[in-house]
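Chain A is the first sequence line, chain B the second, and so forth, proteins listed ahead of strands; every chain is numbered from 1. The structure displayed is predicted, hence computed values, not measured ones.
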2 protein chains.
Amino acid sequence: MSTASLPQALPEHRTVRVDHDDLIAFTAQVFADRGLPPARADRAAHALCHGDLTGPRSHGLANLTRLYLPLLDEGRADPSAEHRTVTDLGAAVLLDARGALGLWSASEAVELAAERAGRHGIGLVSVRGATHLGCAGYHALRAVEHGMVGLVAANCGRQRIARPPGGAVAMLGTNPLSVAAPAGEHPPFLLDMSTTAAPTGRIRQAAREGRTLPEGLLCDDGGAPVTDPGAFDAGRAHLMWLGGEDGRYKGFGLGLAVEVLAALLPGAGTGPHPEALAAGGGPSGRDDDIGFLVAALAPDALRESFDSDAEQMFGALLDCPPTDPAEPVRYPGWHEYHRAQERRREGVPLEASLYAELADLAAWSGLRFPAPVEHGAGEGL
Amino acid sequence: MSTASLPQALPEHRTVRVDHDDLIAFTAQVFADRGLPPARADRAAHALCHGDLTGPRSHGLANLTRLYLPLLDEGRADPSAEHRTVTDLGAAVLLDARGALGLWSASEAVELAAERAGRHGIGLVSVRGATHLGCAGYHALRAVEHGMVGLVAANCGRQRIARPPGGAVAMLGTNPLSVAAPAGEHPPFLLDMSTTAAPTGRIRQAAREGRTLPEGLLCDDGGAPVTDPGAFDAGRAHLMWLGGEDGRYKGFGLGLAVEVLAALLPGAGTGPHPEALAAGGGPSGRDDDIGFLVAALAPDALRESFDSDAEQMFGALLDCPPTDPAEPVRYPGWHEYHRAQERRREGVPLEASLYAELADLAAWSGLRFPAPVEHGAGEGL
C-alpha cells in the first residue's frame with residue numbers, strides 16, 4: 001500500500017481502481033483506530049467494502065464518513081461492545097448487540113445461526129440493540145459458505161422515512177431483506193433488496209451524480225411522481241413502496257413484515273411508535289436500537305442431493321432462452337458474483353470524488369491510502 | 001341448511017349472501033364425499049372459504065370446481081394420504097405430504113411448527129409432495145392463534161407461468177408468501193401476496209367479470225402493457241413480477257426466494273428445471289409435487305412484553321394521520337379481519353354465477369346448498 005493522491009485531471013465522476021486487499025486493509029485500520037478489535041475491524045471492513053466490490057455502491061465505502069464514523073465518533077456505536085445472550089433455546093437465540101457495529105454484529109449472528117442450524121436444521125438469531133449492518137446480502141452469503149440458505153433482514157431502528165399508504169407521517173425505514181442460497185457450481189443466489197422501491201443510498205447516489213431517477217421511486221405529498229433525487233433530502237418527496245400504485249400494499253406489507261420479524265420479535269426500536277405521531281410529516285427518529293432477523297437453514301441436515309438439485313435449478317434458469325440474444329437470462333446474485341471476481345482481480349472502482357474523500361480521511365488519520373491500480377474510464381456503473 | 005335455487009331475476013354479477021357456517025358445512029360435505037376424513041374435510045373447507053370470507057375471492061370457492069375437485073377426481077390429490085416424516089430434528093421437520101389436499105396439509109404443518117416453536121423458539125416444517133394450499137394467509141393466521149408469528153410460502157410445483165426478466169420461456173409459478181403476526185387488541189397483521197404482480201386468480205376473476213386490468217400486471221412478448229385479462233389464458237400476455245419495470249428483479253428475486261425456501265429446501269418439484277426448456281414460450285408443467293415452507297416463531301419463548309409492544313406498534317400505525325380524512329391508515333390484515341367479522345354475522349357474499357354453480361354441484365351430488373340469507377346488492381367487491 002502506498003500513499004496516493006488523486007490525479008488532478010480526473011473528472012469527478014470517473015472511477016479509480018484500487019486493489020481490493022489494500023482497500024480492506026485501509027478500512028480495517030480506520031475501524032481499528034476507532035477502537036474495534038482487529039478481527040472485528042477486518043470483518044466490518046469486508047462487510048462495508050462488499051457494496052463497492054459487488055455493485056450496490058450506495059451501501060459501500062461512501063457510507064464510511066457519512067454513517068459509520070459518525071456513529072462511532074458520537075458514541076452511538078460501541079466499537080468493543082460484546083453481544084449479550086438474552087435467551088438461548090438452542091435453535092433460537094435472542095441477542096442484545098449493545099450498540100456494537102452492525103457491520104460486524106450481523107456476521108457474528110449468521111455464524112451463530114449456521115452453527116445452530118447444523119444441529120437443529122434451522123438456526124434463528126434475533127438481535128436487538130444493533131446498528132447498521134451495511135449490505136444485508138453480505139451477511140446472508142456467509143450462510144452459503146456453510147452450504148446453507150441464509151436469511152437476513154433489518155429494520156432501521158426508530159428512523160422513519162417512509163409513509164404508510166395514505167398516511168401523512170413517516171413511520172418506517174427502508175427495511176432491507178436478503179435471501180442467499182447455494183447454487184452448486186453456479187454463483188450463489190442472492191436477493192438483497194429494500195422493501196421501499198429504492199433505498200435512500202440509491203437516491204443520494206443519483207443526487208451526487210446529478211442523475212434523474214426513473215418514475216416509481218419517489219412521489220410528492222399528493223402522490224405525484226418525482227424524478228429529481230434532490231427533492232428527497234429537501235423534504236419535497238417521499239420514498240414509495242415496492243410495487244407501485246397497484247402493488248404498494250405488498251411493498252408496505254413486506255416492509256412491515258421485516259419490522260415484525262427483525263425488530264418487534266427481539267424487542268428493538270420500531271418505526272411505528274406513538275412518538276412518531278408527535279413528529280411532523282417529514283422524517284423523524286434516529287437509527288438507534290436497530291433489530292435484525294438472522295436465520296440459517298441447513299438443507300443437508302434435512303435431506304440428500306440438495307446441492308445437485310440447486311445446481312440443476314439455477315442452471316435451468318441460466319439456460320432459459322432470452323428474448324434478446326445479447327441479454328442472457330440471469331438470476332439475482334449472478335452479476336454481483338462475476339463483478340466481484342473481476343474486481344478482486346482488476347481492482348475495485350471508486351468514484352474519483354470518493355477516492356479523494358478517502359485519501360483525505362487517510363491523510364487526516366495519519367494512514368496511507370492505496371494508490372490507484374488503474375485510471376478506469378468508468379464501466380457503466 | 002335448506003335447498004335453494006338462485007332467484008331467476010338476479011343479474012349474474014350481483015352477490016348472494018350465504019350463512020358462513022352453512023357454507024363451511026356444505027363444502028366440508030363435498031370434500032368428505034370425495035373421501036376426506038371428516039376433521040380434514042372441515043379444515044379444508046375453512047381454508048377454502050377463507051377467500052370468500054376475507055376478500056381474495058380468487059382464492060375461494062370459485063376454485064372448488066375449477067381446481068380442487070378435479071385434483072381429487074383425477075387422482076392427483078389423495079383424500080386420505082397421511083403425511084410421512086422424512087426427517088425430524090426437533091426445531092425442523094421435513095414432511096412428505098404424499099399428495100394430501102394442501103388446504104389441509106398446510107394447516108397441519110402450521111400446527112406442528114407451532115408445537116415445535118413452543119419448545120425451541122422457532123419451528124420449521126418443510127413440505128414436499130403437496131398440493132395447493134389455497135390462501136397462504138389462512139394458514140399463517142393459525143400461528144397467530146398460538147400467539148406466534150407465522151410464515152407460509154408455497155411454490156406451484158412444476159407449473160410454470162411466469163418468465164424470468166428477459167426470458168422467453170415460463171419458469172416459475174406465482175409463488176405466494178404470507179406473514180402473520182399478533183397485534184394485541186388490534187386485528188392481526190397479515191401479508192398474503194403472490195410474488196408476481198398479481199395471482200392468476202385475480203386475472204381470471206377480472207376476465208369473468210368483464211373488467212379491464214390496471215397496467216403493471218400483464219405484458220405481451222415485447223414487454224408492452226396488456227390490460228385485457230382474457231389475453232392471459234389466450235397466451236397473448238404474461239404475468240409481470242411485483243415491482244414493475246424498475247423493480248422487476250426484486251419481484252423475480254422474491255419469487256425465486258420462495259422457490260428456494262418452499263421447494264428446493266424440501267426437494268419438491270421446481271419450476272426452473274431442464275424439462276421446462278423443452279416447452280415453448282407458454283405455460284408448461286403441472287402443479288404437482290408442490291413445496292411449502294411453514295415456520296412459526298414464538299416471541300413469548302424469547303422475551304417478555306411482545307404482545308403489548310405489538311399492540312402499541314400496530315396501534316401507532318392506525319393512529320397515523322391520513323392524507324385523506326375519509327381514508328384512515330390501515331395495515332395489511334385489518335380490512336380482511338373486519339370483513340370476516342361482518343360476513344360471519346351477515347353472510348358470505350357469493351357472486352350469483354358462483355352461487356348457481358355451487359347449487360348445481362349440490363344438486364348433482366345429492367347435497368343441499370344453503371339458501372341465500374339476503375339478496376345483496378353487491379358491496380363494491
* Asked: Between B/D309, B/L124, B/V86, which shows the greatest number of heavy-atom pairs under 4.5 Å with chain A?
  -> B/L124

* Check whether B/P214 gets within reach of chain A through its side chain, its backbone, both or neither, counting any heavy atom under 4.5 Å. => side chain

* Asked: In Å and rounded to the nearest 0.5 Å, what is the NE2 to CG distance from B/H238 to B/D221?
  -> 4.0 Å

* **Which atoms of A/V169 approach chain B - backbone, side chain, both or neither, heavy atom under 4.5 Å** => both

* Structure fact -> Here the gap from B/M240 atom CE to B/R163 atom CZ, rounded to the nearest 0.5 Å, amounts to 13.0 Å

* To do: Against chain A, label B/A198 side chain, backbone, both or neither, depending on which of its atoms sit under 4.5 Å from a heavy atom there.
  => backbone

* Kindly say whether B/D96 contributes a backbone atom to a donor-acceptor pair with the side chain of B/R128 at under 3.5 angstrom? => no

* Asked: Which value, rounded to the nearest 0.5 Å, describes the distance between B/L293 atom CG and B/L264 atom CG?
  -> 12.0 Å

* Interatomic spacing from CG in A/L317 to CE in B/M171 - rounded to 0.5 Å -> 5.5 Å

* Asked: If you count heavy-atom pairs under 4.5 Å with chain A, which of B/T87, B/L151, B/L302, B/L94 comes out on top?
  -> B/L302

* Rounded to the nearest 0.5 Å, how far apart are CG of B/D307 and CD of B/Q312? -> 13.0 Å

* Asked: Which atoms of B/T323 come close to chain A, meaning under 4.5 Å heavy atom to heavy atom: side chain ones, backbone ones, both, or neither?
  -> both

* Give, as side chain, backbone, both or neither, the part of B/A181 having an atom under 4.5 angstrom from any heavy atom of chain A. => side chain

* What part of A/P164 is in contact with chain B, defined as an atom under 4.5 angstrom from a non-hydrogen atom: side chain, backbone, both or neither? -> side chain

* Asked: Heavy-atom distance under 4.5 Å to chain A: side chain of B/L191, backbone, both or neither?
  -> side chain

* Structure fact -> Turns out that what part of B/F189 lies under 4.5 Å from chain A's heavy atoms comes down to side chain

* **Region of B/P165 that comes under 4.5 Å of a non-hydrogen atom in chain A** => backbone

* Among B/A91, B/G121, B/G166, who wins on heavy-atom pairs under 4.5 Å with chain A? -> B/G166

* Heavy-atom distances under 4.5 Å only: say whether B/F252 touches chain A with side chain, backbone, both or neither. => side chain

* Structure fact -> Bottom line for B/D319: the part with an atom under 4.5 Å from chain A's heavy atoms is both

* For each of B/P299, B/P321, B/P328, tally heavy-atom pairs with chain A at distances under 4.5 Å, and name the one with the top tally. => B/P321

* Asked: Counting heavy-atom pairs under 4.5 Å to chain A, which of B/L297, B/D324, B/L177 comes out on top?
  -> B/L297

* Could you tell me which portion of B/S194 (side chain, backbone, both or neither) has an atom closer than 4.5 angstrom to a non-hydrogen atom of chain A? => both

* Asked: Just by modelled atom types, is the B/G333 backbone N or O under 3.5 Å from a matching donor or acceptor in the B/E336 side chain?
  -> yes

* Counting only heavy atoms closer than 4.5 Å, note whether B/L277 contacts chain A via side chain, backbone, both or neither. => side chain

* Quick one: which of A/I122, A/D88, A/V149 has the most heavy-atom pairs under 4.5 Å with chain B, could you say? => A/I122

* Can you tell which part of A/L190 gets under 4.5 Å to a heavy atom of chain B, answering side chain, backbone, both or neither? => neither

* Straight-line distance of B/L95 CG to B/S126 OG, nearest 0.5 Å -> 8.5 Å

* Below 4.5 Å from any heavy atom of chain A, which atoms of B/L254 appear? Answer side chain, backbone, both or neither. => both

